[in-house]
Amino acid sequence: MQNLLHNLNPEQLAAVTLPAQSALILAGAGSGKTRVLTTRIAWLIQTGQVSPAGILAVTFTNKAAKEMMTRLSAMLPINTRGMWIGTFHGLCNRLLRAHYRDAALPQTFQILDTQDQLSMIKRMLKALNIDDEKYPARSLMYFINNAKEEGQRANDVVAVDDYTRMFVQLYDFYDQQCQREGVVDFAELLLRTYELLSRNQPLREHYQARFKHILVDEFQDTNNLQYKWLKLMAGRGSAVFAVGDDDQSIYAFRGANVGNMAAFEREFQVENLIKLEQNYRSHGYILDAANTLIAHNAKRLGKNLRTDAGHGEPIRIYEASNDLQEANWIIEESKSLIAEGVSRSEIAVLYRSNAQSRVIEHALFTAGIPYRVYGGQRFFERAEIKHAIAYLQLIDNPHNDSAFLRVVNFPTRGIGARSLELLQDTARQRGLSLHDAAAHVPGKAGTLLTGFVRMIENTRNDASLLPLPEMVQVVLDMSGLITHYQNEREGADRIENLEQLVNAAMLFISEEGFGKSSPALLGPQAQPMAGEAIVNQDGFEIMDADAPLATVMSPLSAFLSHASLEAGDNQAEAGQDAMQLMTVHSAKGLEFDAVFITGLEEGLFPHENSAKDEAGVEEERRLMYVAITRARRRLYISFSQTRMLHGQTRFNMKSRFFNELPEEALKWLSPKVQHHWFAQQQKAAWMDTPSRPLSSAQKDSGWRIGQSVHHQKFGEGVIVNIEGGGGNARASINFGPHGMKLLDLSIAKLEKVE
DNA sequence: GAGAGTGATATGCCT
DNA sequence: TATCACTCTC
């Protein structure tokens with residue numbers, strides 16, 4: 001125990017050793033949050049307050065869950081695999097597998113990722129002959145997911161207009177369709193589990209009694225359903241240990257509700273609110289900047305980071321005249337950092353939106369500096385992998401129509417659109433899945449379709465007793481995927497990926513504790529349950545969804561869940577020592593010796609879509625806070641007067657966030673920058689494209705695009721466009737925080753600012 | 001069924 | 001500007 005608590009600071013120690021009551025830990029950036037969380041679990045177990053089975057630890061990402069398990073195994077000689085540590089979705093999956101009957105799901109239900117969900121909705125809209133101009137699939141998807149995240153089924157949604165009524169009806173259809181096919185989307189995993197436990201008293205009480213300690217990571221990111229889910233799991237007796245940072249809440253746009261922190265404090269009668277404010281990551285000036293900036297947010301629980309490290313170096317600010325120049329400056333600074341001995345992987349370039357990465361990538365490429373961009377396509381999202389997975393899904397659950405349609409004619413088998421229409425009609429009329437309807441289709445189409453179905457069945461028969469990796473191999477061969485890609489010009493990479501899938505299957509069974517030779521399709525292995533038996537409302541004895549996945553699902557089902565729930569690495573080839581390029585969002589949780597935050601311009605950061613209301617600006621500010629606190633020793637912030645975006649040159653003002661940083665922590669590097677207009681000319685020359693000719697309006701009015709101006713009411717702005725001429729000329733002016741204004745040049749009292 | 005052509009569309013992205 | 005999904009054409 002000495003060991004465990006060794007080296008914790010007083011705040012951390014207090015948090016780790018709290019009594020068994022609900023507590024809220026406000027953990028600032030770099031304050032040792034994960035350490036506190038894992039040490040807390042280890043401490044509870046080691047002091048005999050709870051057994052590993054009595055712990056429920058929830059995270060948002062698989063990465064965080066894995067990290068927690070790794071650290072925990074290092075602290076205690078226990079097998080973490082059987083513990084209930086996982087993502088919300090992963091844990092729900094486990095519960096639903098164990099209690100599939102009570103949850104009214106087929107044992108082999110499958111999980112739709114976002115892509116699958118969208119294509120399913122599109123298919124449904126088409127089948128129902130719905131005008132997709134009026135009711136776009138994407139909007140419907142958001143509507144459905146939002147409703148589910150509010151805990152609402154179709155008939156819970158209050159529709160005030162016809163449009164919404166239509167959506168509600170489609171939501172209902174969608175749910176029915178999912179149920180028929182035996183598939184669930186991400187939100188459904190949570191909602192279904194929530195409903196299962198709220199309706200099923202014995203089950204609920206069983207788990208409530210079991211999980212004496214519930215620990216939640218990144219609590220500020222919980223959405224409303226997740227919060228309700230936690231309340232239900234906790235019941236009255238469990239202690240919930242919630243760790244979060246309201247200042248790092250940057251996912252409101254996808255339903256996260258920071259308000260859950262305040263609600264938690266109130267509803268769980270939190271007596272223990274502990275703030276972890278000691279920062280072990282960044283130097284003083286960097287923390288000063290973060291603290292000063294975030295203090296501008298009105299809605300905060302309040303927290304201030306401090307460090308024992310000295311001031312360190314000031315934050316370097318650079319003003320570029322255009323985005324190319326900004327990129328080149330990053331290259332130059334990086335080169336000198338590297339020359340100073342900073343390794344490339346310790347240098348990160350952050351940007352607000354992905355579109356900004358292009359210019360920087362180009363410059364890095366030209367300079368011959370290795371770099372890595374986060375956020376590309378992930379392994380399980382690749383088309384060829386999706387195809388292979390679809391075959392596996394059909395073997396596991398033939399009623400999955402999405403999977404059926406994905407591969408029925410891939411590789412091509414002469415089953416065209418008309419045959420499929422026939423099949424879908426037949427299926428609808430008879431209330432069958434596509435797979436089952438195939439036998440009822442007459443003619444040549446029918447022959448081809450039954451041929452496909454037979455191929456699936458044969459594969460299932462041939463492979464059912466094989467271990468998972470070998471099954472995957474058989475599927476690759478029998479489906480014709482490998483042959484197909486062999487004949488394709490650029491199929492080599494795809495074949496390589498498909499072979500990787502066999503490896504992934506191998507790795508998966510060994511990690512999840514499936515027997516090396518246990519048949520892929522064998523149902524849950526009959527193993528003695530660690531938990532006590534419980535009896536459900538119908539008098540059936542049910543098993544606790546205890547321990548490894550192996551006890552509640554077949555290797556194949558488990559692997560398919562894994563493929564949906566964990567899309568795999570989304571960072572490009574690791575290995576080489578490369579500079580790191582990523583959005584600010586994906587930088588959350590990471591840290592680097594040197595960080596560049598780029599594009600600090602009004603409209604970009606804060607983003608124009610968020611700057612309309614105060615809540616949006618506050619989230620952008622938190623985003624900037626996250627960006628700043630990624631840096632350990634050196635921080636650069638840059639902005640540019642002009643920038644190419646969507647094929648057009650934009651004139652931006654520097655971000656309002658500059659006014660919210662402490663001047664004494666900053667060092668302005670900017671050389672005398674050319675005037676906007678010259679910058680544009682020069683850039684045009686560089687890019688070898690003709691510059692925009694002066695319009696008559698620009699010549700006549702004495703004003704020009706790019707001119708900085710001052711307005712009595714709106715302050716400083718930049719002319720973005722001029723229309724009309726002579727006395728009627730009007731200009732669009734970007735006033736940053738005040739937005740874009742269209743002003744009559746002869747009326748508005750504008751002053752030129754040089 | 002592949003490839004060309006069209007047009008909408010462009011903040012962030014985990015599960 | 002560039003990408004992507006989708007339709008059209010041979």
Side-chain angles (χ1 to χ4, degrees), chain A residues 58-65 86-93 111-119 122 126 132-133 136-138 142 145 148-149 184-191 193 217-218 221-223 225-226 249-256 323 350-359 374-378 380-381 383 409-418 484 487-489 561-570 582-589 599 603-612 616 619-620 622-624 626-627 643-650 687 689:
Chain A
V58 199
T59 64
F60 278 86
T61 64
N62 292 296
K63 196 173 154 205
T87 62
F88 277 101
H89 296 85
L91 296 168
C92 286
N93 182 40
I111 301 164
L112 299 178
D113 66 20
T114 315
Q115 272 178 49
D116 301 334
Q117 188 187 18
L118 186 63
S119 65
K122 281 185 182 160
K126 209 170 208 173
D132 60 350
E133 299 267 282
R138 210 168 281 273
Y142 289 137
N145 290 342
K148 289 191 180 184
E149 280 166 16
V184 299
D185 57 54
F186 285 138
E188 182 73 23
L189 280 172
L190 280 151
L191 183 54
T193 308
D217 190 19
E218 305 275 18
D221 286 341
T222 51
N223 65 31
L225 180 55
Q226 285 159 339
S249 159
I250 56 174
Y251 285 113
F253 74 91
R254 61 174 195 222
D323 44 358
L350 309 186
Y351 33 83
R352 172 67 240 269
S353 59
N354 283 308
Q356 289 166 251
S357 75
R358 237 166 239 294
V359 190
Y374 275 61
Q377 207 184 23
R378 302 156 89 194
F380 283 106
E381 286 167 355
N409 200 34
F410 192 94
T412 48
R413 303 184 171 87
I415 301 174
R418 223 153 355 110
H484 172 84
N487 297 330
E488 208 176 56
R489 266 165 294 146
S561 298
H562 167 80
S564 306
L565 290 177
E566 196 172 349
D569 257 349
N570 69 350
M582 65 193 85
T583 63
V584 180
H585 279 93
S586 45
K588 191 176 156 204
L604 205 62
F605 202 176
H607 197 276
E608 53 203 351
N609 296 358
S610 307
K612 292 181 192 98
E619 179 145 320
E620 295 286 311
R622 292 193 291 269
L623 201 49
M624 183 62 187
V626 167
R643 184 177 296 280
M644 259 319 227
L645 204 64
H646 307 318
Q648 276 176 326
T649 306
R650 290 175 39 136
M687 302 193 73
T689 51

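Here the structure is a predicted model, which means the values were calculated and not measured. A, B, ... follow the sequence lines: proteins, then strands. Residue 1 opens every chain.
Under a 3.5 Å cut-off, the side chain of A:Glu619 and the backbone N or O of A:Gly616 do not form any donor-acceptor pair. A donor-acceptor pair is defined here as one N or O able to donate and one able to accept, closer than 3.5 Å; no such pair exists between the side chain of A:Ser610 and the backbone of A:Glu620.
Between the P atom of B:dG1 and the CZ atom of A:Arg418 lies a distance of 11 Å, rounded to the nearest Å.
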Please write out each protein N/O paired with an N/O of nucleotides 2-4 of chain B under 3.5 Å, distance rounded to 0.1 Å.
from  : atom 1 : to       : atom 2 : distance (Å)
B:dG3 : OP1    : A:Arg489 : NH2    : 3.3

Quick test: give all pairs of protein nitrogen or oxygen and nucleotides 4-6 of chain C nitrogen or oxygen below 3.5 Å, distance rounded to 0.1 Å.
from  : atom 1 : to       : atom 2 : distance (Å)
C:dC6 : OP1    : A:Lys122 : NZ     : 2.6

Which atoms of nucleotides 8-10 of chain C (N or O only) lie under 3.5 Å from a protein N or O atom, and what are those distances?
none

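In this structure, the ring of A:His585 has its center less than 6.0 angstrom from the ring center of A:Phe253.
As judged by a 4.0 angstrom heavy-atom cut-off over every strand, A:Asp221 is placed among residues making no nucleic acid contact.
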Give the B/S/- string for nucleotides 7-12 of chain B, one per nucleotide from 5' to 3', where a protein heavy atom under 4.0 Å of the base yields B, of only the sugar-phosphate yields S, and otherwise -. ---BBB

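Nucleotides B:dC13 and C:dC4 are separated by 16 Å at their P atoms, to the nearest Å. Look at the P atom in both C:dA5 and B:dG12: the space between them is 16 Å, to the nearest Å.
With hydrogens and angles left out, the side-chain atoms of A:Gln356 and A:Ser353 include a donor and acceptor closer than 3.5 Å.
With sequence neighbours left out, A:Asn354 forms a side-chain hydrogen bond (donor to acceptor under 3.5 Å, both in side chains) with no residue at all. Evaluation of the side-chain hydrogen bond (donor to acceptor under 3.5 Å, both in side chains) rule for A:Ser561 yields A:Asn93, A:Arg97 as partners, not counting sequence neighbours.
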